[in-house]
Amino acid sequence: MVKISFPDGAIREYPDGSSAMDIARSISEGLARKVLAAMVNGSVWDASRPIHADASLRLLTWDHAEGRSTFWHSSAHLMAEAVESLFPGVKFWVGPAVDKGFYYDMDLGGRSMTEEDLRKLETKMNELAKQGNAYVRREISKDDAVNYFSDKGDEYKLDLLQGLNDGEITFYTQGAFTDLCKGPHIPHTGLIKAIKLTSLAGAYWKGDERNKMLTRVYGVSFPNQKEMDEHLLMLEEAKKRDHRKLGKELGIFTFDDDIGPGLPLWMPNGTIIIDELEKLARETEEDAGYKRVVTPHIAKENLYLTSGHLPYYAESMYPPMELEGVKYYLKAMNCPHHHKIFDAEPKSYKDLPLRLAEYGTCYRYEQSGELFGLMRVRCLHMNDAHIYCSREQFAQEFRAVNEMYLKYFKIFGIEKYVMRLSLHEPSKLGQKYINEPELWLETESMVREVLKESDIPFVEVPDEGAFYGPKIDVQIWSAIGREFTLATNQVDFAQGRRFKLSYTNRDNQPEVPLIIHRAPLGTHERFIGFLLEHYAGKFPLWLSPVQVKILPISDRFMEHAQHTLARLKKAGLRAEIDDRNEKIGKKIRDTELMKVPYMFVIGEKEVEADAVSVRKQGKGDAGMFPLSEIILTLTSEKENRQ
RNA sequence: GCCGUUGUAGCUCAGUGGUAGAGCACUUCCUUGGUAAGGAAGAGGUCGUGAGUUCAAUUCUCAUCAACGGCUCCA
């Protein structure tokens with residue numbers, strides 16, 4: 001007998017060799033039907049695998065993340081079986097579960113797959129699923145495994161085997177398909193009831209662009225059609241939030257072939273949002289002791305040689321223009337320009353910390369395949385600033401920057417994000433990272449402390465730092481689920497030295513300042529792209545391009561509408577009159593669709609009372625208010641950025 | 001940059017080897033209507049661009065540009 005302890009604390013005895021499935025069945029048949037895998041002593045096992053020792057056990061179903069990923073990984077195997085039947089001789093690389101679904105990378109041996117093939121594969125998969133074949137686990141020696149894949153001429157699986165040793169190699173077989181796989185898997189293919197292969201893509205082998213490109217097929221599957229329908233509905237909803245769609249509908253930005261890829265044109269509505277964001281940044285930075293500067297969009301080659309950017313990033317900068325034998329580059333970052341401002345006048349410790357801020361325009365020649373709406377562009381406006389400080393001042397300055405982030409996030413209601421602390425990799429000092437082992441450790445731990453103090457959840461990622469120091473990135477997700485860095489806060493102890501920046505310290509000695517690069521509002525492009533999706537286009541009053549739409553019931557009330565418009569404008573509100581020859585229902589509908597926060601309806605009653613009937617976007621009729629009263633309400637809402 | 005897909009009116013999308021259609025938007029007229037679409041008429045596209053095949057190409061082929069889904073990259 002073995003003692004099995006359950007999550008609720010219960011401990012029961014079962015015959016030695018019982019599987020999780022046996023145990024589930026002993027509880028109820030209904031449960032057994034739902035079990036996908038089991039958590040045994042903290043690792044995920046096949047439900048059918050015999051348990052030979054006392055263990056803690058948690059049965060995993062579709063309701064558990066581990067259950068779902070097991071389900072999706074098993075679906076990848078099912079897909080591989082289907083692919084093998086339609087493309088004999090195909091070789092597989094890896095087929096993991098991902099956030100929502102699964103993929104499998106494969107080498108089709110020179111053949112190519114089409115969207116049509118995906119439909120055929122789905123049909124085949126459904127057919128195979130109906131057979132309800134069990135996923136059978138088999139432990140195998142390394143020699144046997146190597147022989148098996150040598151016979152097949154499968155260099156990919158042989159490559160995987162290289163990293164494995166006897167005792168940790170297992171094969172899984174379902175139906176006609178056998179794969180090297182550590183598992184676990186769901187009990188049988190019959191549990192997979194709804195299947196959709198979503199996309200066909202290329203993916204470099206081992207993620208290295210020097211390697212061969214494999215074919216990657218993405219798919220998603222569910223234990224019932226209802227879940228699939230919900231998933232598809234969710235995708236539809238996400239599409240409606242897509243900033244590219246909303247940006248077009250609301251007249252925020254556009255692209256034009258004659259301007260160039262990745263070069264957004266900001267339309268009047270988008271420019272209003274830019275102006276409001278810059279106003280917020282100016283106020284906030286002024287309060288925090290920043291000084292504004294303005295720098296040119298181009299600079300000589302030498303500047304970027306000094307900064308050290310050019311050797312690393314030449315291919316992602318626009319090529320230089322050459323004038324009188326001198327090369328000029330479009331600036332890809334503002335820091336070197338700011339360093340030159342620091343350097344323009346001698347500095348003493350009394351001048352520190354010096355905080356230079358600029359909404360700087362940068363140009364980066366991002367790879368063509370990387371461009372993505374406003375989120376990844378080639379012309380960007382960065383909420384940039386550089387803080388020059390002493391080592392003693394560093395922690396305090398970094399903390400203040402962090403607080404500024406949180407202040408902004410509160411204003412925008414940004415809650416779903418992850419802070420990522422990127423660290424250096426000691427073995428790459430002097431190559432990828434500047435060779436300052438002590439400074440790396442010191443600043444990394446200071447940054448870590450600041451994050452802990454402010455109680456912000458964060459993850460640490462090794463070998464992701466900038467070449468000049470550790471950094472904190474704020475990661476967010478676009479409507480379609482792609483991850484982006486929204487904002488960044490970086491430590492820099494390289495450029496100060498490179499630019500020979502110094503200040504005179506208390507002991508009358510020259511000292512190199514530490515530099516903090518920070519961009520809490522990221523770039524206008526990415527931030528507004530994010531906000532469009534975050535608010536689903538329904539901007540708060542202060543950011544709305546049109547804040548109030550005045551809707552006269554008929555043209556008899558135009559005079560009162562004009563009078564109302566004048567009053568609103570005088571109060572600093574952005575308002576427009578809908579003077580079209582349309583019925584009020586139509587005007588309301590169109591204004592709702594344009595997501596204007598307030599509508600003022602004006603008819604007979606309102607003229608008599610010198611009032612307006614107020615309608616809030618998405619909320620319907622709010623009743624009649626005297627104009628002066630509602631103006632006060634709106635002004636306060638706007639000024640408080642609610 | 002690489003793999004795959006797509007490209008028809010301002011937008012969303014039909015369609016065809018014989019020089020194109022719908023809905024919304026737009027213009028004009030009628031209507032002056034009280035909280036999510038009033039009615040009528042009209043205008044608008046050399047079917048992304050270039051070349052080839054053909055008697056004939058928006059449709060087939062190739063190239064190119066751009067967008068989209070991924071991979072790689074992201075100071």
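Just so it is clear: chains get the letters A, B, ... in the order the sequence lines come, proteins before strands, and each one is counted from 1.
- Checking side-chain atoms of A/Arg378 against main-chain N and O of A/Leu263 turns up no donor-acceptor pair under 3.5 Å.
- A search for side-chain contact (heavy atoms from CB on, under 4.5 Å) contacts involving A/Val607 returns A/Phe557, A/His560, A/Ile602, not counting sequence neighbours.
- The CD1 atom of A/Ile259 sits 22 Å away from the P atom of B/G48 (whole-angstrom rounding).
- Taking the P atom of each, B/G4 and B/U61 are spaced 16 Å apart, rounded to whole Å.
- Nucleotides B/U27 and B/A43, compared at atom C1', are 7 Å apart to the nearest Å.
- Comparing the C1' positions of B/G7 and B/G33 gives an interatomic distance of 43 Å, to the nearest angstrom.
- The P atoms of B/C55 and B/G45 are separated by 31 Å, rounded to the nearest whole Å.
- For A/Ala76, the side-chain contact (heavy atoms from CB on, under 4.5 Å) partners are A/Phe102, A/Tyr104, not counting sequence neighbours.
- As a whole-Å value, the separation of A/Asp105 CG from B/C3 P is 16 Å.
- Regarding A/Asp208, its CG atom lies at a distance of 16 Å from the P atom of B/C2, rounded to whole Å.
- Spacing between B/C68 and B/U59 at atom C1', rounded to whole Å, works out to 23 Å.
- Ring planes of A/Tyr363 and A/His297: tilted class, angle from 30 to 60°.
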What string of B, S and - do you get for nucleotides 33-40 of chain B 5' to 3' if you count protein non-hydrogen atoms under 4.0 Å?
BBBBBB--
B/S/- contact track for nucleotides 59-69 of chain B, protein heavy atom under 4.0 Å:
-------SSSB
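- Rounded to whole angstrom, the span from the CZ atom of A/Arg216 across to the P atom of B/U5 amounts to 17 Å.
- The separation between A/Asp107 atom CG and B/G4 atom P is 13 Å, rounded to whole Å.
- Partners of A/Thr198 by side-chain contact (heavy atoms from CB on, under 4.5 Å), not counting sequence neighbours, listed by chain and number: A/Lys196, A/Tyr218, A/Val220.
- For A/Tyr359, the ring pair (Phe, Tyr, Trp, His ring centres under 6.0 Å) partners two or more places apart in sequence, or in a different chain, are A/His524.
- Taking atom C1' in both B/A75 and B/A36, the straight-line distance is 49 Å, to the nearest Å.
- Taking the ring centroids of A/Phe92 and A/Tyr156, they lie at or beyond the 6.0 Å cut-off.
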Produce the list of close N/O pairs, under 3.5 Å, pairing protein atoms with atoms of nucleotides 73-75 of chain B; give distances to one decimal.
from	atom 1	to	atom 2	distance (Å)
B/C73	O2	A/Arg376	NH2	3.0
B/C73	N3	A/Glu370	OE2	3.1
B/C73	N3	A/Arg376	NH1	3.3
B/C73	N4	A/Glu370	OE2	3.2
B/C74	O2	A/Arg376	NH1	3.1
B/C74	O2	A/Arg376	NH2	3.1
B/A75	OP2	A/Lys471	NZ	3.3
B/A75	O4'	A/Tyr313	OH	3.0
B/A75	O3'	A/Tyr468	OH	3.0
B/A75	O3'	A/Gln490	OE1	3.1
B/A75	O3'	A/Gln490	NE2	3.3
B/A75	O2'	A/His309	NE2	3.3
B/A75	O2'	A/Tyr468	OH	3.1
B/A75	N6	A/Ser316	O	3.4
B/A75	N6	A/Ser316	OG	3.2

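- The salt bridge (charged side-chain N to carboxylate O under 4.0 Å, His left out) pairs that include a residue from residues 330-341 of chain A are A/Lys331-A/Glu358, where partners are two or more places apart or lie in different chains.
- Atom pair A/Met594:CE and B/A25:P shows a separation of 13 Å (rounding to whole Å applied).
- Evaluation of the side-chain contact (heavy atoms from CB on, under 4.5 Å) rule for A/Arg615 yields A/Ile588, A/Glu592, A/Met599 as partners, not counting sequence neighbours.
- Listed by first residue number, the stems of RNA chain B with at least three Watson-Crick or G-U pairs below 3.5 Å are B:1-7 with B:65-71, B:10-13 with B:21-24, B:26-30 with B:38-42, B:48-52 with B:60-64.
- The interatomic distance linking A/Tyr104 (OH) with B/G70 (C1') rounds to 19 Å, in whole Å.
- Spacing of C1' atoms, B/U58 relative to B/U19, comes out at 9 Å, to the nearest Å.
- A/Tyr313 places no side-chain N or O within donor-acceptor distance of the main-chain N or O of A/Gly308, the cut-off being under 3.5 Å.
- Annotation: ring pair (Phe, Tyr, Trp, His ring centres under 6.0 Å) contacts of A/Tyr290 (sequence neighbours excluded): none.
- Using cut-offs of 30° and 60° for the angle between ring planes, the A/Tyr304 and A/His337 rings count as tilted.
- Counting only distance, with no hydrogens or angles, the side chain of A/Glu122 and the backbone of A/Leu197 share a donor-acceptor pair below 3.5 Å.
- Under the rule for a ring pair (Phe, Tyr, Trp, His ring centres under 6.0 Å), the partners of A/Phe342 that lie at least two apart in sequence or sit in another chain are A/Tyr388.
- Taking the C1' atoms as reference points, B/C47 lies 23 Å from B/G42, given to the whole Å.
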